[in-house]
Amino acid sequence: MSNIFLKLSKKQSEKCWLLIKRAYQWKTGVYGYNPIKIKSEYRPNLQITKDNCQIFQLINAYRIHGHKKANINPVALNDQSAYIPELDLQIFGLKPDDQCNVNGLINSNEINGKVQDIVNYLESLYCNKISVEFSQVQNIEEREWLFNRYESIYNEEISTEYQYEILTALLKSQAFDKFLANKFVTLKRYGCEGAESQIAFFIELFKSMSQDGVRRLIIGCHHRGRLNVLTGLLKMPPELIFRKVQGKSEFPENSPMTGDVISHLCHSVDLDIDGKKLLISVTKPPSHLEAVCPVSIGETRGWQQEFKDSSYSNSGIPGDRVINVQVHGDAAIMGQGVMQESILMSTLPHFDIGGVVHLVINNQLGFTAPPHTSRGTPYATDISKIIAAPVLHVNGDYPNEVIKATRIAVEYQRKFRKSVFIDLNCFRRLGHNEVDDPTYTNPKIYNIIANKSTVPDLYAKYLINNNITNEENVKLIESNYNEQLSEILQNCDSKKTTEAEHLNKNWNNYKGNGDSITEWDTGVTEDLLRHVAEKSVDYPSNYTIHQNLMKAHIKSRIDKIQKGDGIDWATAETLAFGSLLYDGYNVRICGQDVGRGTFCHRHAIIVDQDSEDVFVPLNHLAPDQTAKLEVANSLLSEEAVLGFEYGFSTISPYNLVIWEAQFGDFFNGAQIHIDTYVSSAEAKWGVQSGLVMLLPHGYDGAGPEHSSARIERFLQLSNSNESLPDSENVNLNIVNPTTPAQYFHLLRRQMIRNYRKPLIVVAPKILIRLPEAVSSLKDLTCGTNFKAVIGDAKEDHSSIRKIIFVSGKHYYALKKRREELGAEDTAIIRVEELSPFPVHQLRSEILKYKNVKDFIWSQEEPQNMGFWTYCKSRFYNLVGCKLRYTGRKASAAPAVGIGEFHQKEAAYVIEAPFLK
């Protein structure tokens, strides 16, 4: 045996005592006192002395390492009572028959005596059906509270009425799964079998949250057991599920929504829980399992703003009234990178929602993969350690233990407003879906499962043995519910969705756009523009301002406003923000270092150079200002952050929500959310969003990645209909504005019009400071609006023989080249909006030119990228104009990375359109 297991000498024991003493002296600020008494409200009687330091070490060892031998796996392949070296008595210089006094060391007054009795108690506490990992929690007060609460809950009784309530819900869940299996044999329902204890989790969660004053609960969850929770706890009518199985729509009749699979159904319900109202909504999920997580967190933050919760209140304490709950699969939470991003994000300013209660449905298989091929860590919850969150592991065969674990988790979240994880160790009775055979790849575990009782049956047996119910009553609960489901199935044709359950009340007046083209007067008065501009560079008199900021931003903006000309991109954006705030719309802009902007142009925040205090000038436009600008500098994430912003944008149409990529190509990391939410959520679920994505784009020699926003991908995602021109009824607005005024009007149009669509903006880089790319105040005043097409300024249309169509910054290079060549027979027309495709405006422009024979589409991007493929057929089929292409040749990479090559290409793309 290693020397580490030998009994400690007296000298070693005293040394251990000294280390403990110093550690607690550091915490308490007490020096030279003996014994040590911890200053904690949670352990008021805790005293560490030379006589009890060894047993104190043993207790702490069980707190830290007890989980390693806990009985938490209901289908364990190996013996769970393994020898744990860290718990060996010899390490602590103790023998089983030694007498010890543990008063105050643990939350119990009944375990003084022999060491073996103490060990038995510790094993029953920390190595039983629940085990914990609290030692990673960095705050000592939180750790003390967690251990104290856990040790006190061990002997708490759960009332017979509550246990019977849980049993009824479990039996109904089991009956529901059996009913679906019998009536719809080939249905992939992703049932709850093996994981029924999540029902106990939700019941306890709802009770505990509502009693603590929570008024809204947002649930982000995957497919496992979803239908059971919806029908059993959230009052979704089972007939809607039956109709869906039969191929009917889940939406009201004549609804334009295309729908989603049955395992993605969602519901919102206002529950009355013990006299308290709790509004619960389930976030719409795609098949990318954890993609729902950041969206759900963003929705929660959006609702907190609606409820004046979190930092939107005077108290600034997040999570008073709105809480988020996440339900994960064991393989998904560890395998999907968005989870790491989301967990980190949820702790940061402007993303913090007061902690998330995470439940991991640990059925110990990811599709068909066992844990050792899904992760390289002992637990599926080890991802929690990146934010030092506490974890409770619980055996899913024991609903009472799940209730206790949930109670601790909720109490911790409510007290400290931090995230907490429950690892629900359970199993999956059938395959990944019900028509899958899991025994091909996992024969051993499924041999155990095949010979194992169900969780509801085990719990029923336990309650019968404790005289809480009887076998007849158990059978009656299941048979009655089965009969009820049978009757519902027979009459389900008469049940139809009669109201738009997919919309929350904030969206009552935003039902979607029609098939006509509209123009919106988005200008504002010149007086308001000047007021906003002046206030946007105002700051507290005691602030020390960066010298470059003073000259290049503050004085420069004041000068431009006074002249009424030379309005640049940042100023136009500020005027749009400020005028919308003045109209009562909130604005939230998010991204990496978005406060100053990637290109150091925005400066929406002012930082005191001495104290680093932050001031947001646009939040001080007026003394009684209610609408606010929220500037959210994000972590280095795209997927989680974009998902969060999308979720936030769906809560209220009165919030302008903007996500800015550092460079346009950065959206690549968020492609899942663009595909499954931004571009398709309204079609699938009827969920509207006015999210704005700013994607800096331009071929300036920045290399393969940072040149292109891959606009061709968004154009491909657009459903701009070639068979239905002159229609705004598209899923995405995609624009490439060339002037600050155009950008100003786009931002205001996003809020002013009576419907919401995601707006994809091909944002500028060099145009931010290009002297030619400026506007005047007159371009922003009342009576002005966004123009989908900007015609050429030439008045003599009869002399024009060639028209070059272009989109975006490339226009300025072509315009300059035309002037150099003196090409007076050439007009340049800018296509500012691509989706919806501006058929009417383009036709109107072309009709001005009677003598044109040569129509060209010119772009910087390679031929297989950019706008060409999208525009080519639309010009021909809708505008009646056959184009020829000039630009870079087709390429695998978006841009070259060699300077000489770039210079040659840059010269060619501006020369080619003017060649005969």
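Here, residue 1 is the first one in the sequence, and each next residue gets the next number. All values below come from the heavy atoms of this structure, side chains included, with hydrogens, waters and symmetry mates left out.
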Trainee: Is the shortest side-chain N to carboxylate O distance from Asp320 to Lys308 below 4.0 Å?
Mentor: no
Trainee: Between the side chains of Thr571 and Trp569, does any donor sit under 3.5 Å from an acceptor?
Mentor: no
Trainee: Would you say the side-chain atoms of Glu712 pair up with the backbone N or O of Gly866, donor to acceptor, closer than 3.5 Å?
Mentor: yes
Trainee: Side chains of Leu715 and Leu834: closer than 4.5 Å at any heavy-atom pair?
Mentor: yes
Trainee: Does one side chain, of His697 or Glu861, offer a donor that lies under 3.5 Å from an acceptor on the other?
Mentor: yes
Trainee: Using the ring-ring contact (aromatic ring centres under 6.0 Å, His included) criterion, which residues pair with Phe644? Sequence neighbours excluded.
Mentor: Phe351
Trainee: Using distance only, find each side-chain donor-acceptor pair of residues 741-751 under 3.5 Å and give its atom names and separation, not counting sequence neighbours.
Mentor:
from: Gln742; atom 1: OE1; to: Lys787; atom 2: N; distance (Å): 3.0
from: Gln742; atom 1: NE2; to: Lys787; atom 2: O; distance (Å): 2.7
from: Gln742; atom 1: NE2; to: Glu832; atom 2: OE1; distance (Å): 3.0
from: Tyr743; atom 1: OH; to: Glu573; atom 2: OE2; distance (Å): 2.6
from: His745; atom 1: ND1; to: Thr522; atom 2: OG1; distance (Å): 2.7
from: His745; atom 1: NE2; to: Asp779; atom 2: O; distance (Å): 2.8
from: His745; atom 1: NE2; to: Thr784; atom 2: OG1; distance (Å): 3.2
from: Arg748; atom 1: NE; to: Thr522; atom 2: O; distance (Å): 2.7
from: Arg748; atom 1: NH1; to: Ser579; atom 2: OG; distance (Å): 2.9
from: Arg748; atom 1: NH1; to: Asp583; atom 2: OD2; distance (Å): 3.3
from: Arg748; atom 1: NH2; to: Asp583; atom 2: OD2; distance (Å): 3.3
from: Arg749; atom 1: NH2; to: Glu833; atom 2: OE2; distance (Å): 3.0
from: Gln750; atom 1: NE2; to: Gly690; atom 2: O; distance (Å): 3.0
from: Gln750; atom 1: NE2; to: Lys757; atom 2: O; distance (Å): 2.6

Trainee: Heavy-atom distance under 4.5 Å between the side chains of Val524 and Tyr582, does that happen here?
Mentor: no
Trainee: Report the residues that fulfil side chain to side chain contact (heavy atoms under 4.5 Å, CB included) with Thr347, sequence neighbours left out, ordered by chain and then residue number.
Mentor: Ile387
Trainee: Consider only side-chain N and O atoms of Asn655 and Asn586, and report whether a donor and an acceptor are under 3.5 Å apart.
Mentor: yes
Trainee: The criterion is side chain to side chain contact (heavy atoms under 4.5 Å, CB included); which residues satisfy it with Asp565, sequence neighbours excluded?
Mentor: Ser776
Trainee: Walk me through whether Arg530 and Asp527 qualify under salt bridge (charged side-chain N to carboxylate O under 4.0 Å, His left out).
Mentor: CA-CA 5 Å; Arg530 292 183 183 279; Asp527 287 344; 5.6 Å; no
Trainee: Any donor-acceptor pair under 3.5 Å linking the side chain of Asn633 with the backbone of Gly595?
Mentor: yes
Trainee: Taking atom types as modelled, is there a side-chain donor on Thr283 or Glu299 under 3.5 Å from an acceptor on the other?
Mentor: yes
Trainee: Please determine if Lys555 and Asp559 form a salt bridge, counting it only when a charged side-chain N lies under 4.0 Å from a carboxylate O.
Mentor: no
Trainee: Do the side chains of Val789 and Ile829 get nearer than 4.5 Å, heavy atoms only?
Mentor: yes
Trainee: What is the minimum heavy-atom distance between Ala291 and Tyr677, and which atoms define it?
Mentor: O-CE1, 4.0 Å
Trainee: Output side-chain donor-acceptor pairs under 3.5 Å for residues 766-773, partner residues at least two apart or in another chain, one line each.
Mentor:
from: Arg769; atom 1: NH1; to: Phe599; atom 2: O; distance (Å): 3.1
from: Arg769; atom 1: NH2; to: Phe599; atom 2: O; distance (Å): 2.8
from: Arg769; atom 1: NH2; to: Cys600; atom 2: O; distance (Å): 2.8

Trainee: Could you walk me through whether Asn668 and Glu638 pass the side-chain hydrogen bond (donor to acceptor under 3.5 Å, both in side chains) check?
Mentor: CA-CA 8 Å; Asn668 276 334; Glu638 284 78 45; over 6 Å; no
Trainee: With sequence neighbours left out, write down each residue that passes side chain to side chain contact (heavy atoms under 4.5 Å, CB included) with Ser680, or none if nothing qualifies.
Mentor: Lys684
Trainee: Kindly write out the residues that satisfy side-chain hydrogen bond (donor to acceptor under 3.5 Å, both in side chains) with Asp665, not counting sequence neighbours, or none if the list is empty.
Mentor: His706
Trainee: Closest heavy-atom contact between His673 and Pro294?
Mentor: NE2-CG, 3.6 Å
Trainee: Between the side chains of Glu645 and Arg588, is the shortest nitrogen-to-carboxylate-oxygen separation below 4.0 Å, so that they form an ion pair?
Mentor: yes
Trainee: Tell me whether Gln609 contacts the main-chain N or O of Val607 through its side chain, where contact means a donor paired with an acceptor under 3.5 Å.
Mentor: yes
Trainee: Applying salt bridge (Lys or Arg N to Asp or Glu O under 4.0 Å) as the test, list every pair that has at least one member in residues 690-700; sequence neighbours left out.
Mentor: Asp700-Lys765, Asp700-Lys809
Trainee: Kindly check if the number of other-residue, nucleotide or ligand heavy atoms within 6.0 Å of CD (Gln547) is above 12?
Mentor: no
Trainee: Taking Asp521 for its side chain and Gly523 for its backbone only, find out whether a donor-acceptor pair lies under 3.5 Å.
Mentor: yes
Trainee: Could you tell me which residues satisfy side chain to side chain contact (heavy atoms under 4.5 Å, CB included) with Val322, sequence neighbours excluded, listed by chain and number?
Mentor: Arg216, Ile218, Thr300, Trp303, Gln304, Phe307, Asp309
Trainee: Could you pull out all residues at least two apart from Gln662 that satisfy side-chain hydrogen bond (donor to acceptor under 3.5 Å, both in side chains)?
Mentor: Gln592
Trainee: Return the set of residues passing ring-ring contact (aromatic ring centres under 6.0 Å, His included) with His350 (not counting sequence neighbours), or none when no residue passes.
Mentor: none
Trainee: Under the side-chain hydrogen bond (donor to acceptor under 3.5 Å, both in side chains) test, which residues partner Ser536, sequence neighbours left out?
Mentor: Arg557
Trainee: Just by distance, with hydrogens left out, do Ser718 and Ser835 show a side-chain donor and acceptor under 3.5 Å apart?
Mentor: yes
Trainee: With a 4.0 Å cut-off, would you call Asp792 and Arg818 a salt bridge?
Mentor: yes
Trainee: On the six-membered ring of Tyr870, is Arg874 placed so that its NZ or CZ lies under 6.0 angstrom from the centre and within 45° of the ring axis?
Mentor: yes
Trainee: Would you check, one step at a time, whether the test side chain to side chain contact (heavy atoms under 4.5 Å, CB included) holds for Tyr646 with Trp659?
Mentor: CA-CA 9 Å; Tyr646 169 82; Trp659 178 72; over 6 Å; no
Trainee: Output yes when Lys628 and Glu630 qualify as a salt bridge under the 4.0 Å nitrogen-oxygen rule, no when they do not.
Mentor: no
Trainee: What verdict does the side-chain hydrogen bond (donor to acceptor under 3.5 Å, both in side chains) test give for Asp352 and Ser346, after you've listed the backbone C-alpha separation in whole Å, the side-chain angles of each residue and the deciding distance to 0.1 Å?
Mentor: CA-CA 5 Å; Asp352 180 16; Ser346 67; over 6 Å; no
Trainee: Tell me, please, whether Phe648 has Arg301 positioned over its six-membered ring: NZ or CZ under 6.0 Å from the ring centre and within 45 degrees of its axis?
Mentor: no
Trainee: Would you indicate whether Glu519, at its atom CD, is surrounded by more than 12 heavy atoms from other residues, nucleotides or ligands within a distance under 6.0 Å?
Mentor: no
Trainee: Contact between Val678 and Ser689 at the side-chain level, heavy atoms closer than 4.5 Å - yes or no?
Mentor: no
